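Presented below is the structure to which this report refers.
Within every chain, numbering begins at 1; the chains are lettered A, B, ... in the order of the sequence lines, protein sequences first and strands thereafter. Everything quoted here is computed from the prediction, not taken from an experiment.
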2 protein chains.
Amino acid sequence: MKRKLISEAVKKGKGRVLLKGWVYRRRLSKETAFILLRDASSVIQCVIKKSEVDTETWETANDVNIESSVEVVGKLKPDPRAPGGFELETEQLRFIHKGEPFPIAKDFSPEFLLDVRHLWLRSRKMNAILKIRSTVIGAIHEFFRSKGYYEFTPPIFTPTACEGGATLFEVNYFGNKIWLTQSWQLYAEAAIFSLEKIYDVAPTFRSEKSSTSRHLAEFWMAEMEAAFMDYKECSEVAKEEVKFILKRVLERNLEELKLLKRDLKRLEPSLKKKFPTITYTKALKLLKEKCNLNVKWGKDLRTIEEKKLMELFDTPVVVTHYPKEIMAFYKPVDTEDKEAPGPVAKCFDMIAPEGYGEIVGGSERETDIEELKKWLKRGGEKLENYEWYFDLRRYGSVQHSGYGLGVERLIAWICGLENIKDAIPFPRTVDRWRP
Amino acid sequence: MKRKLISEAVKKGKGRVLLKGWVYRRRLSKETAFILLRDASSVIQCVIKKSEVDTETWETANDVNIESSVEVVGKLKPDPRAPGGFELETEQLRFIHKGEPFPIAKDFSPEFLLDVRHLWLRSRKMNAILKIRSTVIGAIHEFFRSKGYYEFTPPIFTPTACEGGATLFEVNYFGNKIWLTQSWQLYAEAAIFSLEKIYDVAPTFRSEKSSTSRHLAEFWMAEMEAAFMDYKECSEVAKEEVKFILKRVLERNLEELKLLKRDLKRLEPSLKKKFPTITYTKALKLLKEKCNLNVKWGKDLRTIEEKKLMELFDTPVVVTHYPKEIMAFYKPVDTEDKEAPGPVAKCFDMIAPEGYGEIVGGSERETDIEELKKWLKRGGEKLENYEWYFDLRRYGSVQHSGYGLGVERLIAWICGLENIKDAIPFPRTVDRWRP
């Protein structure tokens, strides 16, 4: 509860403060009322003794529903047993607004809490997650800006599909059919010829028809794209970014992580240790030898396989050189990976520990127009939609790479959430778009 | 051109550097070639003397199209006449990629430049604007975070209209009809009960059917919402924010503003002077007395009227207390403005100088459910869509206010742009959604 303010008031021996907030919990006895008052910063216990306060204060304490907004005047008293370390010896309590009985009382089922998400945001849990989310996004800005990247905001309305047409949301655009962006990439590739090193944090849309604990129809991606950079250097930037974000959260949100009951021991290795890089082919070998799981070379890793693989590690792992056949059209073939039994791409994913799945996907970008055309055709795309993209290879093409980081997946891992829906304030899924 | 790197190299007496970039301009004579090389940072002149370089270098210089990507090795020589202050005595020039003839050569019509926007981003003009855009957005984050605001990302998919249904973009959402956000406000109002002070920078969508130099179908808004704040304090935050952004741009982007030929004298008053606040009623009086323009009380200010009004000022102006009848349903009536001949709202706009129009719109938010219902009904809205929003007034309601800042409008003013389309990398309007 306005921690800095309070500790300063106590230091100066003043002690008397006016606090505004909402009633989080209340406990009554005949002579004393205990109100846990919450505000954005934290929670403080207000002790109200009938014999020491005016009638209105005592009546208010008796009459108040939780989540009512109140003003409290009192003296701060350090108390190591109290949540937050202080108690307030209340002198006066007044309603700002006397709330109706709060509807979140008995039913805490996930679906009900999503129905009343606009109220559930007030919970200690959502408050903690939203603060960590703010830290995470702030750290992304800080990371890239400190490295000389420019922020570049991509268009959300796009005339061209990027990651395949099946999961596109269609918009009626003044009578024309266009789509919501699935990735900034094609546009970012245009912009690096001007700014060289760019990043964004922006909403992204995938019409995922499956309702899982890992998918959202609307989510935020933090992407980067850089000229004169190969996929290896690019994957090192991704590692550094994730480490940096984690560092910032551990610096600033220990209290929130504690509230979320996150086991810090699960996060610490990622702060201290280097994240390993292995090839897809090597990952399959590990799955076979150590997890007794047979994956046919050429198949993408499924959730369960990623999860099993990650039981072998205590930090995120970068997996490179996925089979070209299952990769997007713009990921170039690499001939360096000699162990691979088939063509692989200059690409990488970063997989989070503890079953949180892919948090980063990146690659070098194909600069050969004929190669691009070949893979687009195989994917059933209309080449004329990509003429402007081919232009980026016609006039002073350069080697370049980029990746996207799934903000909610990262938050889910850092916070140890069971469902990705809690990593975003108002989740949108196949069966959820209200409130 | 990598200015820091270069000046350090010169200082150390080394002087020999390897530069990568794109050919911006070329001038040839029999014995000497001059190549202006550009990269993300700036432009440098490379002098190539036939007698002093190898055959491949000379041939490359003769053979190169503009926008080809090249590598140059040479010695730096300070030269005050040269753009950037240095010249490169070239020793070696090599193609990274030999570009085809660049299509932007003779036709510089606005429509053509929008057709090839993916290439036009490379222009010195767009490069400068994009850098300023990055500074502006960075400054918004910095401003709010330094004041203890949390970043809160709103949903883009919304089941409820906010600023009126006429300009909504409809999305086919798994067979259901939903809309793209026009403002984060309703969701932000829910979140302040958890975080108290929040802000965002996010894309916003309005299906504006008119094609003007001030409207985009997709634009970015920087919004804030704060609990326990009235509209007056809120308007002061807006003034401070705009001043802070301007300060950051003037600190970091003088070179870019110069390139854009922005008259700094037009910006300086806004840095130094307090922005005035006047009421709508007073604005009408000024328009009548000083501009000979009669606006009927109760009508919104039109573009031409805002422009005329702003000829009386050299900084942004906050206009408060617009007639309630023309305001959104959530703006509460104020009885304090005694001069107004009719009901006015606790609201404000900030209007930019030089005809750049409204850059900020904000208000206090109505907390009385019956008032909200009355105005929603008048607007023809279905009340059941707003039940969740009414909830925010049922359980511990508090005074709160917020505003939205139009990022592109602000950039257009700071950069002195003729058209708002140049304030965003890939503009979307009624007749433009490619590339």
Most heavy-atom pairs under 4.5 angstrom with chain A, which of [options]?
{"options": "B:Tyr173, B:Phe152, B:Phe205", "answer": "B:Tyr173"}
{"options": "B:Ser194, B:Gly99, B:Gly138, B:Ala191", "answer": "B:Ser194"}
{"options": "B:Gly148, B:Ala217, B:Ala202, B:Ser123", "answer": "B:Ala217"}
{"options": "B:Asp431, B:Leu119, B:Ile96, B:Val407", "answer": "B:Leu119"}
{"options": "B:Asn176, B:Asn65, B:Val116", "answer": "B:Asn176"}
{"options": "B:Leu195, B:Asp115, B:Ile66, B:Val23", "answer": "B:Leu195"}

Give me the ring orientation class for A:His118 and B:Trp388: parallel if the planes are under 30° apart, tilted from 30 to 60°, perpendicular past 60°. perpendicular
Could you look at [X] and say if it's the side chain, the backbone, both or neither that has a heavy atom under 4.5 Å from chain B?
{"X": "A:Thr429", "result": "backbone"}
{"X": "A:Ile178", "result": "side chain"}
{"X": "A:Pro427", "result": "neither"}
{"X": "A:Arg434", "result": "both"}
{"X": "A:Pro203", "result": "side chain"}
{"X": "A:Lys209", "result": "both"}

Top contributor to chain B interface from [options] [non-hydrogen pairs under 4.5 Å]:
{"options": "A:Ser397, A:Pro425, A:Ser207", "answer": "A:Ser397"}
{"options": "A:Arg117, A:Glu170, A:Lys98", "answer": "A:Glu170"}
{"options": "A:Pro103, A:Ser68, A:Ala227", "answer": "A:Pro103"}
{"options": "A:Pro155, A:Pro101, A:Pro154, A:Ala190", "answer": "A:Pro155"}

Taking salt bridge (charged side-chain N to carboxylate O under 4.0 Å, His left out) as the definition, give me every residue that meets it alongside A:Glu387, ordered by chain and number, with sequence neighbours left out. A:Arg394
SB check B:Glu225 B:Arg365 (cutoff 4.0 Å): yes
Compute the ring centroids of A:Tyr199 and A:His141, then answer whether they are less than 6.0 Å apart. yes
I want to know whether B:Phe169 and A:Phe157 have ring centres closer than 6.0 Å. yes
I'd like to know if the side chain of B:Arg206 reaches the main chain of B:Gln182, judged simply by a donor and an acceptor atom lying under 3.5 Å from each other, with no hydrogens or angles considered. yes
So, the side chain of B:Lys131 versus the backbone of B:Ala40: is there a donor-acceptor pair under 3.5 Å, distance only? yes
Test item: side-chain donor near acceptor, B:Asp200 and B:Thr153, under 3.5 Å: no
A:Glu208 versus A:Thr167, side-chain donor and acceptor atoms under 3.5 Å: no
Among residues at least two apart in sequence or on other chains, which ones pass ring pair (Phe, Tyr, Trp, His ring centres under 6.0 Å) with A:Trp22? B:Phe193, B:Phe228
Mark yes or no: B:Arg393 above the aromatic ring of B:Tyr389, with NZ or CZ under 6.0 Å from the six-membered ring centre and no more than 45 degrees from the axis. yes
Which atoms of B:Leu180 come close to chain A, meaning under 4.5 Å heavy atom to heavy atom: side chain ones, backbone ones, both, or neither? side chain
What part of B:Arg145 gets within 4.5 angstrom of chain A, counting heavy atoms only: side chain, backbone, both, or neither? side chain
